[in-house]
Every structure is written in C-alpha cells, then in structure tokens.
Amino acid sequence: MQQIPKEMFQPASVDLSEAEKISKPSLSYWKDVSIRFRKNKLAMFGLVLLVILVFMAIFGPYMTKYDYATNDLMSTNQPPSAKHWFGTDELGRDVFARTWYGARISLFIGLAAALIDLFIGVLWGGIAGFRGGKTDEVMMRIADILWAVPYLLLVILLMVILGQGLGTMILAMTITGWINMARIVRGQVLQLKNQEYVLAAQTLGASTSRIMFKHLIPNAMGPILVTLTLTIPSAIFTEAFLSYLGLGVPQPLASWGTMASEGVQALQYYPWRLFFPATFICLTIFAFNVVGDGLRDALDPRLRK
C-alpha cells in the first residue's frame, strides 16, 4: 500500500490580521429585529406612510390660511381648487384644514386608547401569570366575564350615558379593550416564569416587581409591541364607527370619523367631502397593520410563510 507523505498533512498557516477582517461583531436581539424589519419592503412602506401622516397631522393645519372651525357661507360646498385644496363643506369650512386637524384627534384617540390598554393589560396579565393559582383563576374569570359583553354595544351604551367627548370615547374603548393585551401578556409570563434566570432572581430574593419589570416584561416585549401596533388602528376604526352613528366628538371639533359621517350624507353631490377623510382612515389602518405584521415577522422569522 502506498504511503502518503507526512508533508501533505501540515496545518495551514493562520494570519490573525486577516481573521479579524473576516469575523463579524455579534448582533443584539433588537438589532437583528431591526435588520429583518428593514428588509420587509411592505412594512417599510407602511412605516414611511405613517411618518408622512403624522407629519401632516402636526403641520398640515399650518399649511393653509383657513381655520378648521371658521364658517364661510359664501363658499359652501366648493370642489377642490387652488383656493381650497380639498374643497369646502356645507358651512364653507376648509376641508384640508379640517382633515389634518381631524387627523390629530383620530390619531390621539387611537394612541391614547392603545396606551391605556397596554398599561392595564400588562399589569393585569403579568400579575395573573406570575402569581398563578387562585389569583390567576379569579383575575382571568373576571376578564372572561367582561370579554363576553359585546364590545361595540358596551361602547355605544357608555357613550349614550356619559355623553360625547374625547375623554368619554377613550374611556368607553378601554373598558374592555385591555383584555386581549392581558391574555397575551399572561401567556408570555407563564412561559417565561420558569426560566433559569427568573428562578435565579427569586432565589436571590428579588422582589416581585423587580422580577416582573426587569426580567419578565422586557422578554415579552415582542408580542406586546405587535399587539400595541394592531390596537391603534382598531381604536381609530371604532372612533370612525361611533362618529358615523352620531356619537363622535362634538362640533366644531373635527375627526376623520365625524367628517366621514357628514360626507356620507352629501356623497351624491359633493363626493370630495367623504373621499378625503375616508381615504386617510383606510391609509392609516393599512399602514399600522402592515407595520404590525412586519414587526411580528421580524420578531419571529418562523412566522414567515
């Protein structure tokens, strides 16, 4: 049998300076999520669209000389033109100014309702999941009872009883709106509370609040952020629906919902009055949904189809 020379088994030389060029720095979890999110073109489009809508909500009313609440009966129901970019309504009010002032109210309602749902849901679900046992059973049965009440029916009833107003609308939306967030947080806490780092913190005598907000909630932020992102458009749609029923913000305040409600009545002759608020409602809901879906896929690539 032919012998193979030992020279053929000499180890290859290593250039340490070149090895440093080849090696890559490790990525943090959120940095990795950011990279995956930016690769999602539809999600990035939704994010850019949201930035534009928020920008216009802040600065749009200052781009025209007309006020959202000033009546001009000599300029009623004028179509879009160089003078009134989005036309005017039945009282001669500038639709462009009202659209972007209404964007402030609609986005504020959506964000405020979502943040309140976040606060209550994280506390309720976190305590229920971490405590477990009878505490968990009682807290979740209360949530189940509230969940059984039809959401829109309860919101409409509260609006009728308490009257119109921003605060009333947000309160009505959050009476049961936090339950979905609580269920998601509870499920995440149940999975995480038996992890080694949580048990080690308990062994070292860490308080319940420290374990909750230092170890459990931060590691459950992925599903929490996705749920928060998808809660905002739901609240915006609910506001529009309530406004359509005549339970929106009181005059002369404007929201996309109240403008759409007024526009429906004039659709046959003055379609622009419905077109602009309805379009921006749809664009906002679409943008939040695609951002939420993109964030979900970035947080867990296994969810990609």
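Reckoned from all heavy atoms, side chains included, excluding hydrogens, waters and symmetry mates.
Every salt bridge (Lys or Arg N to Asp or Glu O under 4.0 Å) that E90 has, sequence neighbours left out, goes to R93, R273. With sequence neighbours excluded, the residues satisfying salt bridge (Lys or Arg N to Asp or Glu O under 4.0 Å) with D144 are R141, R183. Qualifying side-chain hydrogen bond (donor to acceptor under 3.5 Å, both in side chains) partners for D72, counting only residues two or more places apart in sequence or in other chains: S75.
One distance of note links CD1 of I127 with CE of M212; it measures 6.0 Å at 0.5 Å rounding. Here OG1 of T64 is found 13.0 Å from CH2 of W100. Values are rounded to the nearest 0.5 Å. Atom CD1 of I211 and atom NZ of K193 lie 11.5 Å apart (nearest 0.5 Å). Note: M169 CE to L158 CG = 12.0 Å, rounded to the nearest 0.5 Å. Going from atom OH of Y66 over to atom CZ of F86 covers 14.5 Å, rounded to the nearest 0.5 Å.
We find that R36 and D32 are joined by a salt bridge, their nearest charged nitrogen and carboxylate oxygen being less than 4.0 Å apart.
Here the closest heavy-atom approach between residue A287 and residue L49 is recorded as CB-CD2, 3.9 Å. The minimum heavy-atom distance linking P80 with W85 is given by the pair CB-O, 3.2 Å. Closest approach of D117 to W178, counting heavy atoms only: OD1-N, 3.3 Å. Minimum heavy-atom separation, F37 to A298: N-CB, 3.7 Å. The nearest pair of heavy atoms linking G121 to M181 is CA-CG, 3.9 Å. When every heavy atom of A254 is checked against every heavy atom of R98, the shortest pair comes out as CB-NH2, 3.6 Å.
The closest side-chain heavy-atom distance from V155 to F241 is not below 4.5 Å. Looking at S243 and E239, their side chains come closer than 4.5 Å, going by heavy atoms from C-beta outward. For the pair M56/L53, no side-chain contact is recorded, criterion being any heavy-atom separation below 4.5 Å from C-beta on. I105 has its side chain within reach of L166: a pair of non-hydrogen atoms, C-beta onward, lies under 4.5 Å apart. The closest side-chain heavy-atom distance from T258 to L253 is not below 4.5 Å. Using a 4.5 Å heavy-atom threshold, the side chains of L171 and I116 count as separate. Looking at heavy atoms from C-beta onward, N40 lies out of side-chain contact with M44 at the 4.5 angstrom threshold. Residues M259 and V95 meet the side-chain proximity criterion, which asks for heavy atoms closer than 4.5 Å.
Each of L199 and L204 belongs to its own hydrophobic cluster when Ile, Leu, Val, Met, Phe, Trp and Tyr are linked at side-chain heavy-atom distances under 4.5 angstrom. Hydrophobic cluster membership is shared by L118 and M139, with clusters built from Ile, Leu, Val, Met, Phe, Trp and Tyr side chains linked at under 4.5 angstrom. Placement of L190 and M140 in two distinct hydrophobic clusters is found when ILVMFWY residues are connected by side-chain heavy-atom separations under 4.5 Å, directly or transitively. No chain of hydrophobic side-chain contacts below 4.5 Å, direct or via other Ile, Leu, Val, Met, Phe, Trp or Tyr residues, connects L245 to I175. If you chain together hydrophobic residues whose side chains sit under 4.5 Å apart, V138 and W124 fall into the same group.
Ring geometry, Y101 versus Y68: the interplanar angle falls under 30°, so the pair is classed parallel (tilted spans 30 to 60°).
With hydrogens and angles ignored, the 3.5 Å screen pairs a side-chain donor or acceptor of W272 with a backbone N or O of T88. Under a 3.5 Å cut-off, the side chain of S81 and the backbone N or O of H84 do form a donor-acceptor pair.
The neighbour count for Y151 OH, taken as heavy atoms of other residues, nucleotides or ligands under 6.0 Å away, is above 12. At most 12 non-hydrogen atoms from other residues, nucleotides or ligands lie less than 6.0 angstrom from CZ of F119. More than 12 non-hydrogen atoms from other residues, nucleotides or ligands lie less than 6.0 angstrom from CZ of R38.
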Using atom types as modelled, flag every donor-acceptor pair under 3.5 Å from a side chain in residues 221-237 to any protein atom, sequence neighbours excluded.
from : atom 1 : to   : atom 2 : distance (Å)
T227 : OG1    : P223 : O      : 2.8
T229 : OG1    : L225 : O      : 2.8
T231 : OG1    : T227 : O      : 2.6

Acceptor/donor pairs from residues 276-285 side chains to any protein atom, 3.5 angstrom cut, sequence neighbours excluded:
from : atom 1 : to   : atom 2 : distance (Å)
T279 : OG1    : F275 : O      : 2.6
T284 : OG1    : F280 : O      : 2.7

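If you chain together ILVMFWY residues whose side-chain heavy atoms come under 4.5 Å of each other, L153 ends up in a group of its own.
In summary, the side chains of T168 and Q164 do not present any donor paired with an acceptor at a separation below 3.5 Å, with no hydrogens or angles considered.
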